[in-house]
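All values reported here derive from a predicted model rather than from experimental measurement.
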Amino acid sequence: MKANGDVSEVYPSKKGHGFSLKELQGFVDGYIEIVGVGNKFLVLNEEGKLNGLEINLKATEIFQKHYGTTDVIVCDVLLADELEID
């Protein structure tokens, strides 16, 4: 889920394997942070707020609904049903 609202499906570059750390960092443009939301995972930029990145409204809605908070998620985010990192 891009901060600009665009959504697309992505897959690990090695079929049958999990995402590499480098791939995940590329999706979020920096160091990753993983946040559980129910039975799914949000992979986001750990320093997104410090770097003044754009609010991601779709990811924020998911996060707020799960945690009952007013906090926001910034940056491009990967939403995963399962998360395996190679």
Compare every heavy atom of [Y] with every heavy atom of [X], then report the nearest pair and how far apart it is.
X     : Y     : value
Pro12 : Gly18 : CB-O, 3.6 Å
Thr60 : Ile73 : OG1-N, 2.9 Å
Leu83 : Ala80 : CD1-CB, 4.3 Å

| request: Give the other cluster members for Ile55, using side-chain heavy-atom distances under 4.5 Å between Ile, Leu, Val, Met, Phe, Trp and Tyr residues; answer none if it is isolated. | output: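 Direct or chained contacts put Ile55 with Leu53, Leu57, Val72, Val74.
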Hydrophobic clustering (ILVMFWY, side-chain heavy atoms < 4.5 Å, transitive) - are [Y] and [X] grouped together?
X     : Y     : answer
Ile34 : Leu79 : no
Ile85 : Val28 : yes
Leu78 : Leu42 : no
Val35 : Ile62 : yes

| Where at least one partner belongs to residues 23-53, residue pairs that pass ring-ring contact (aromatic ring centres under 6.0 Å, His included), sequence neighbours excluded |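 Matches after skipping sequence neighbours: Phe19-Phe27.
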| request: Provide the full list of ring-ring contact (aromatic ring centres under 6.0 Å, His included) pairs with a residue in residues 59-80, sequence neighbours left out, each pair given once. | output: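 Sorted pair list: Phe63-Tyr67.
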| Does any pair with a residue in residues 41-55 pass salt bridge (Lys or Arg N to Asp or Glu O under 4.0 Å), and if so which ones, sequence neighbours excluded? |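 Residue pairs passing salt bridge (Lys or Arg N to Asp or Glu O under 4.0 Å), neighbours aside: Lys49-Asp71.
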| request: Return each pair, listed once, that meets salt bridge (Lys or Arg N to Asp or Glu O under 4.0 Å) where at least one residue sits in residues 18-37; pairs must be two or more places apart or across chains. | output: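 Checked against salt bridge (Lys or Arg N to Asp or Glu O under 4.0 Å) - neighbours excluded - no pair reaches residues 18-37.
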| Lys40: partners by salt bridge (Lys or Arg N to Asp or Glu O under 4.0 Å), with sequence neighbours left out |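 Result, salt bridge (Lys or Arg N to Asp or Glu O under 4.0 Å) vs Lys40: Asp81.
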| Atom pair CG (Asp6) and CG (Asp76), whose distance is rounded to the nearest 0.5 Å |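 With rounding to 0.5 Å, CG (Asp6) is 9.0 Å from CG (Asp76).
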| message | Could you work out, with side chain to side chain contact (heavy atoms under 4.5 Å, CB included) as the rule, every residue matching Lys58, not counting sequence neighbours? | response |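 With neighbours one apart ignored, the set is Met1, Val7, Asn56.
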